[in-house]
Amino acid sequence: MKAHRYLPHTPDDIRRMLESCGVETLDGLYADVPPQLRLKAPYRLPEAMTEPELERWFEGIATANRPMTCFAGAGFYRHYTPAAVTAICSRSEFATAYTPYQPEISQGTLQYIFEYQSMMSSLTGLDISNASIYDGATATAEAMNMAVASVRRRRRVLLSATVDPAVAQVLATYASASGITIEVIPEDAGVTDREVLRRTLGAGDVAAVIVASPNYYGILEDYAGLADEVHAAKALLVMNCHASALGMIRTPGEWGADIACGEAQSLGMPLNYGGPGLGYLCCRRELMRKMPGRIVGATVDRNGNRVFVLTLQAREQHIRRHKATSNICSNQGIMTLHAAVYLSLMGPDGLRRVNELGAGGARVLASRLCETGKFRMRYPDKPFLNEFALDIVEPLDADTVLRRAAEAGILAGVKIADDAILVAVTEMCSPADIDRYVELFKD
């Protein structure tokens, strides 16, 4: 009897498939996965149970979870999800096929995608939004590819060192397979070194410049004049921004950016142990034909009724791969709906209030932690919204700080160096939570 009786492949089938892949064993398919990350024993699964027994078994597992107060950010943030968001997203009317090619039976899906796009265009200050991409890192990679495709015969991209390192790694992966050269512009005291950027732009042959707001350290960089410099070099400006922060700070459109992209998990989506996320992508009207993902337009039917339909892309486009953009569609379903409902419930005032609460709490926490003498602001003269970098005073180090806080039920931040952490505050961090954090380091 075969070990996996529901898999139809014979040993000869497997051998021929491995030969096609150029490996000798099934383990060879996973050679790029570090050994320490591979499963070394079978899953510890119990015997079959009745439904009540299974519920009790899961309840027992859940008791091992310890609720933690979250001051960790670095691109993903714990925000409150209004109950109405979950209720509306759970309605069966929205559980239709995720690719609404047939508008006659997909008006509900098409409408919420259209509403999402409208709100994201307003949030970024740009003309067009797609719907959507799997996460902020791949959205930035798609923005890079889009920029290169729009600026002919240029395949060099300048990337600020203040962009999230995880995003930079994804960009490098995409670039390596696309013939794109990425040149990193160094940081100067936590912000993009504009002088180096100007010199590098002046050398020519640049397709795009990618910067972040807020940047990886939580700093709000001053990009005044940057768009003019980039456009004078006949390149495009791409801005990676936290979606929620755009309810408070200058938009990419106001900075003169051509493309805005980033992670929209901050629009009320639970952290949920790493996903799912929502990558957004917006651009100027002139670039929309290079945009991947779905775009929904509004029109009228022959009776004059307002209706919605997919536009600018034919399904057959994705069959002819040499002419296709990335065919991303599943994320436009539940995650786009989630963001659309959240934004419509919060409105501009609610989104601004969320950011005000986070910004206020961040300033209180930063000040009080520095008063303990155990921490110093890493970039004391730089403006920030709700996230900031702290240097840790010896004999403490980042690992000790994070471990001590975790033992007290607090995720104190994200380690960015042996002696530095990145701390984020959202509306979910109460004054009492801030008090508990500070008390841990007063002695």
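Since the model is a prediction, treat every value here as computed from it, not as a measurement.
Between the side chain of Tyr80 and the main chain of Met428, no donor-acceptor pair closer than 3.5 Å is present. For Tyr77 (side chain) and Gly75 (main-chain N/O), a donor-acceptor pair under 3.5 Å exists by modelled atom type. A side-chain donor-acceptor contact under 3.5 Å links Ser430 to the backbone of Asp433. Remark: side-chain polar atoms of Ser176 are paired, donor with acceptor, to backbone N or O of Thr173 under 3.5 angstrom. A donor-acceptor contact shorter than 3.5 Å is absent between the side chain of Glu427 and the backbone of His79. Not a single donor-acceptor pair under 3.5 Å links the side chain of Ser106 to the backbone N or O of Thr109. Between the side chain of Thr81 and the backbone N or O of Gly268 there is at least one donor-acceptor pair closer than 3.5 Å. In this structure, Arg306 contributes its side chain and Ala298 its backbone to no donor-acceptor pair below 3.5 Å. The main-chain N or O of Ala87 is never found under 3.5 Å from a side-chain atom of Arg91 such that the two would form a donor-acceptor pair.
For the pair Asp258 and Arg284, the salt-bridge criterion is met [side-chain N within less than 4.0 Å of a carboxylate O]. Ion pairing between a basic and an acidic side chain is recognised when a charged N comes within 4.0 Å of a carboxylate O; Arg436 and Glu439 show no such pairing. Ion pairing between a basic and an acidic side chain is recognised when a charged N comes within 4.0 Å of a carboxylate O; Arg404 and Glu407 show no such pairing.
Applying the side-chain hydrogen bond (donor to acceptor under 3.5 Å, both in side chains) criterion to Asp301, with sequence neighbours excluded, gives Asn305.
The minimum heavy-atom distance linking Ala398 with Ile421 is given by the pair CB-CG2, 3.9 Å. Taking both residues in full, the closest heavy atoms of Asn130 and Ser132 are given as OD1-CA, 3.8 Å, listed atom of the first, atom of the second, then distance. Smallest separation of non-hydrogen atoms from Tyr223 and Ala212: OH-O, 2.5 Å. Contact between Tyr217 and Gly190 at its shortest, heavy atoms only, is CD1-O, 3.8 Å. In terms of heavy atoms, Asp127 sits closest to Ser121 at O-OG, 3.4 Å. In plain terms, the two heavy atoms of Asp164 and Ala74 that are nearest each other are OD2-O, 3.4 Å.
Summarising the local packing, CD of Glu394 is surrounded by 12 or fewer heavy atoms from other residues, nucleotides or ligands at distances under 6.0 Å. Sparse packing is recorded around CZ of Arg153, with 12 or fewer heavy atoms of other residues, nucleotides or ligands lying under 6.0 Å away. Counting non-hydrogen atoms of other residues, nucleotides and ligands closer than 6.0 Å to CG of Asp418 gives a total of 12 or fewer. For CD of Glu286, the number of neighbouring non-hydrogen atoms (other residues, nucleotides, ligands) closer than 6.0 Å is greater than 12. More than 12 heavy atoms of other residues, nucleotides or ligands shown are found within 6.0 angstrom of CZ on Arg66.
For the pair Tyr134 and Met335, the minimum side-chain heavy-atom distance is 4.5 Å or more. Using a 4.5 Å heavy-atom cutoff, the side chains of Val401 and Phe375 are in contact. The side-chain heavy atoms of Glu387 and Pro214, taken from C-beta on, include no pair separated by under 4.5 Å. Residues Ser178 and Asn145 form a side-chain contact, since some pair of their non-hydrogen atoms from C-beta on lies under 4.5 Å apart. With a 4.5 Å cut-off on side-chain heavy atoms, Phe71 and Leu365 count as touching. At a threshold of 4.5 Å between non-hydrogen side-chain atoms, the residues Leu267 and His338 do not count as touching. Considering only heavy atoms from C-beta on, Val309 stays 4.5 Å or farther from Val296 through its side chain. The side-chain heavy atoms of Asn386 and Asn355, taken from C-beta on, include no pair separated by under 4.5 Å.
For the residue pair Glu263 and His242, no side-chain donor N or O sits within less than 3.5 Å of a side-chain acceptor on the partner. In this structure, a donor-acceptor pair under 3.5 Å is absent between the side chains of Ser244 and Ser266.
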(message) Pair Leu197, Leu226 - check side chain to side chain contact (heavy atoms under 4.5 Å, CB included), show working.
(response) CA-CA 10 Å; Leu197 177 56; Leu226 178 60; 3.4 Å; yes

(request) Test side chain to side chain donor-acceptor pair (under 3.5 Å) on Thr162 and Glu221 and set out the steps. (result) CA-CA 10 Å; Thr162 65; Glu221 297 195 37; 2.7 Å; yes

(request) Let me see the working for Asp391 and Arg378 under salt bridge (Lys or Arg N to Asp or Glu O under 4.0 Å), right down to the final yes or no. (result) CA-CA 5 Å; Asp391 284 327; Arg378 191 170 191 128; 3.1 Å; yes

(request) Apply side chain to side chain contact (heavy atoms under 4.5 Å, CB included) to Met144 and Val238, showing your working. (result) CA-CA 8 Å; Met144 174 182 70; Val238 178; over 6 Å; no

(request) Could you walk me through whether Val211 and Leu237 pass the side chain to side chain contact (heavy atoms under 4.5 Å, CB included) test, one step at a time? (result) CA-CA 8 Å; Val211 296; Leu237 177 60; 4.1 Å; yes

(request) Please lay out, stage by stage, how Glu187 and Tyr379 fare under the test side chain to side chain contact (heavy atoms under 4.5 Å, CB included). (result) CA-CA 12 Å; Glu187 64 179 76; Tyr379 305 110; 3.4 Å; yes

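Evaluation of the salt bridge (charged side-chain N to carboxylate O under 4.0 Å, His left out) test over residues 139-151, restricted to residues two or more places apart or in two chains, returns none. Identified under the ring-ring contact (aromatic ring centres under 6.0 Å, His included) test for residues 272-311, with sequence neighbours left out: Phe114-Phe308.
In this structure, the separation between CG on Asp397 and OG1 on Thr400 is 3.5 Å, given to the nearest 0.5 Å. To the nearest 0.5 Å, the span separating OG1 on Thr181 from CZ on Arg156 amounts to 8.5 Å. Here the OG atom belonging to Ser160 is positioned 7.0 Å from the CG atom belonging to Asn215, to the nearest 0.5 angstrom. A distance of 6.0 Å separates OG in Ser150 from NZ in Lys290, rounded to the nearest 0.5 Å. In this structure, CG in Leu281 is found 11.0 Å from CD in Gln117, a value given to the nearest 0.5 Å. Between Met248 atom CE and Leu220 atom CG the span is 9.5 Å, to the nearest 0.5 Å.
Applying the side-chain contact (heavy atoms from CB on, under 4.5 Å) test between Ile210 and each of Leu171, Ile185, Val167 identifies Leu171 as the sole match.
A cation-pi arrangement, defined by a distance under 6.0 Å to the six-membered ring centre and an angle within 45 degrees of its axis, is absent between Arg368 and Phe441.
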